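Following: one structure in structure tokens, then a few remarks.
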Amino acid sequence: MSVGRLVIISNRAPSVDGSADSGGLVVALKDALSKNGGLWIGGAADQVEEPAQTLRFHERPDFDVALFETDPQIYSDYYLGYSNSVLWPAFHGRVDLIDVQSRYASAYREVNKRLARMVAPALRPDDQIWVHDYQLIPLASELKSLGVKNRIGFFLHIPLPDLHTFMAIPDWQDVAAWFGQYDLVGFQTRRDLANMINIFRHALRGELRANGHIGINGREVAIGCFPISIDVEGFRQLAMNGAQSTDPAPLPRLIGVDRLDYSKGLPQRLSGYETFLANHPEYRSKVTLLQIAPPTRDKVQAYRSIRAELEHLSGRINGRFGTVEWTPVQYIHRALPRDELAVLFHYSRVGLVTPLFDGMNLVAKEYVAAQDFADPGVLVLSQFAGAAEEMPEALIVNPHDPHDIAEAIRTALDMPAAERIERHQALYAHLKVHDVAHWSAAFLKRLKKVDDLGLDRVARFPDLNLRLNAIG
Ligand code: ADP
Ligand code: G6P
């Protein structure tokens, strides 16, 4: 089958006029979308009481955008409810934060079913379909039940938890079955891939086959690991251009940039910084921590709580160590333009990326891309960020241990230039090859291969490790 258009489907849509294309995903997929003609289907920014029953099409010069509208109450139960109060906490290992409401589960199914009904008539037989992220896991199942025969790929941007955590989702077998309806399921890390294999085995009696596919009920699902990245050169250019017209920070600066999400480990990070200041009085008045944490999903209680906690902690540290001349923590609770972020990264001696669990974490990659080759800063990176699999030259920390964070901060600040340069060179060399274009090309190539191969080639390896290696 020839490759037709690329059809991307995600909960968030790119701008209809191309005006705000700075998001990594749009930049990554623009080329692929414009090559054979492309369509991006995403949720409308505003939900309306009487939503349109069909997609609303907008033509851009490079590709078309089609928006779907949803009734606001159903959207809220789908987005804030099931997506962000069930799947997000469960997939990030926070089963204590799961809020089970039957209307959430039904809204999630309803929105995906309705979206499938709108998407199906817009498809051509040779379109390649690529669905993104946890808000749309049931979409392939819904499209297939409407008779859609196209190959459908899915990429999970967030982590997939281990089997027992996954089983905390009340309808976990259904969720597993929805994954099983795709032709290719892509993950950020080998950790996630191994979890998927285990979940498929337990929920659906899935069997790993010699070709790296999983056999489920007589059909095959291809799975693979495709670590997402950023537009490395583009981000570096932003940093270099901005740095020419901006002065360096007056004190060596530590920087953190994260949505204000409980998965990002912000209280633990501040606690690590507090331990650092307590244990190393010689650094007081000599460094600052700039934490930029814009609001996100703030109608969900867990997000309100984390905001209150962070404000309390930053106030406490400033009260404990601050002086008239020196504020130890600067906290900004809003988003900044990307070019400003790039320069802030460039002029920060230490990048603190310490999530408790994260699919990848693009900030880690942006920080590295923005550094001065001749005088780079040091990345402190959580062992639980997907990025840690690819970035071993960072200072890897356990975000739950404030002493570990404190010592990494000290090591980073004291690190001689030669070691900083050596670590940065290794990190940058990897990123330069593994940028976001590499990511999308690898996924789409694999989806095309699945198409060319057809389904169902059976052969079994007895040893799971052997099989995992075959996939990795
Ligand atoms: P997540 O997708 O969970 O938010 P990532 O680190 O993978 O985490 O990606 C976050 C993206 O959002 C990065 O590109 C980052 O630069 C951007 N971002 C985070 N905080 C801000 C902010 N305060 N202002 C602007 N952009 C931000
Ligand atoms: C993460 C998720 C994305 C999501 C983004 C912003 O990156 O993987 O799917 O779009 O966070 O969250 P929001 O809820 O604002 O879309």
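Treat the numbers as computed from the prediction; the structure is a model and nothing was measured. Every number for a ligand or one of its atoms is a count from 1 in the order of the listing.
Neither the backbone nor the side chain of H132 has a heavy atom within less than 4.0 Å of ligand 2. Residue R334 touches ligand 1 through its backbone alone, judged by heavy-atom distances below 4.0 Å. At a heavy-atom distance under 4.0 Å, no atom of I332 approaches ligand 1. Contacts between H157 and ligand 1 below 4.0 angstrom, taking non-hydrogen atoms only, are absent altogether.
V378 is listed as a side-chain neighbour of L395, based on a closest heavy-atom distance under 4.5 Å. Inter-residue side-chain proximity for M196 and I199 is flagged as met; some heavy-atom pair is nearer than 4.5 Å.
In this structure, atom 7 (O) of ligand 2 has no protein heavy-atom contact shorter than 4.0 Å. Distance remark: protein heavy atom not present below 4.0 angstrom from atom 17 (C) of ligand 1. For atom 10 (C) of ligand 1, the nearest protein heavy atom is 4.0 Å or more away. Atom 27 (C) of ligand 1 is approached by the protein to below 4.0 angstrom, counting heavy atoms only. Using a 4.0 Å threshold on non-hydrogen atoms, atom 6 (O) of ligand 1 counts as touching the protein.
Near A335, meaning under 4.0 Å from any of its heavy atoms, are these atoms of ligand 1: 22 (C), 23 (N), 24 (N). The contact set between ligand 1 and R338, taken as ligand atoms under 4.0 Å from a residue heavy atom, comprises 14 (O), 16 (O). Near I158, with a cut-off below 4.0 Å to any heavy atom, the atoms of ligand 2 are 8 (O). Residue L341 approaches ligand 1 through these ligand atoms, each under 4.0 Å from one of its heavy atoms: 16 (O), 24 (N), 25 (C), 26 (N), 27 (C). Within ligand 2, the atoms closer than 4.0 Å to a non-hydrogen atom of H157 are 8 (O), numbered from 1 in the order shown. Of all atoms in ligand 1, numbered sequentially from 1 with element shown, those under 4.0 Å from a heavy atom of I292 are 23 (N). Within ligand 1, the atoms closer than 4.0 Å to a non-hydrogen atom of V363 are 6 (O), 15 (C), numbered from 1 in the order shown. Ligand 1 places these atoms under 4.0 Å from at least one heavy atom of N361: 6 (O), 7 (O).
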Between S305 and Q301, does a side-chain hydrogen bond (donor to acceptor under 3.5 Å, both in side chains) hold up when you go through it step by step? CA-CA 6 Å; S305 311; Q301 181 54 43; 3.2 Å; yes
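Across N361, L427, I396, V353, a single residue satisfies side chain to side chain contact (heavy atoms under 4.5 Å, CB included) together with M391, and that is L427.
Under the 30°/60° scheme for interplanar angles, the aromatic rings of H333 and Y331 are found to be tilted. Taking the six-membered ring where tryptophan is involved, the planes of F357 and H92 are perpendicular, since the angle between them exceeds 60° and thus also 30°. Relative ring orientation between F91 and F179 is described as parallel, the plane-to-plane angle staying below 30° on a 0-90° scale split at 30° and 60°. Ring geometry, H157 versus H132: the interplanar angle falls from 30° to 60°, so the pair is classed tilted. Classification of the Y262-Y303 ring pair by plane angle, with boundaries at 30° and 60°, yields tilted. The aromatic rings of W439 and W130 sit tilted, their planes meeting at an angle between 30° and 60°.
Remark: ligand 2 and D133 share an N or O pair separated by less than 3.5 Å (distance only, no angle test). Backbone and side-chain nitrogen or oxygen atoms of R297 are examined, and one is located within less than 3.5 angstrom of a nitrogen or oxygen of ligand 2. Between L362 and ligand 1, at least one pair of N/O atoms sits closer than 3.5 Å.
Between Y78 and Y82, the distance from one ring center to the other does not fall under 6.0 angstrom.
Nearest to atom 8 (O) of ligand 1 among the protein's heavy atoms is K264 NZ, 3.0 Å. The protein heavy atom nearest to atom 19 (C) of ligand 1 is V257 CG1, 3.6 Å. If you check which protein heavy atom lies closest to atom 15 (C) of ligand 1, you get E366 OE1, 3.5 Å. Scanning all protein heavy atoms for the shortest distance to atom 10 (O) of ligand 2 gives R12 CG, 3.8 Å.
Considering only non-hydrogen atoms, atom 22 (C) of ligand 1 lies nearest to P294 out of G256, P294, S263. Of the candidates W88, Y79, F91, F155, it is Y79 that places a heavy atom closest to atom 13 (P) of ligand 2. For atom 25 (C) of ligand 1, the candidate residues are L336, I230, D358, T296; the nearest heavy-atom contact is made by L336.
Residue R151 holds its CZ atom at 14.0 Å from CG of D127, rounded to the nearest 0.5 Å.
Under the 3.5 Å distance criterion, the side-chain polar atoms of R349 are left unmatched by any main-chain donor or acceptor of A412. Between the side chain of D261 and the backbone N or O of K264, no donor-acceptor pair lies under 3.5 Å.
Heavy atoms of other residues, nucleotides or ligands lying less than 6.0 angstrom from CZ of R304 number more than 12.
Nearest heavy atom pair, residue M118 against residue A52, reads SD-O, 4.1 Å.
Heavy atoms of R259 approach ligand 1 to within less than 4.0 angstrom.
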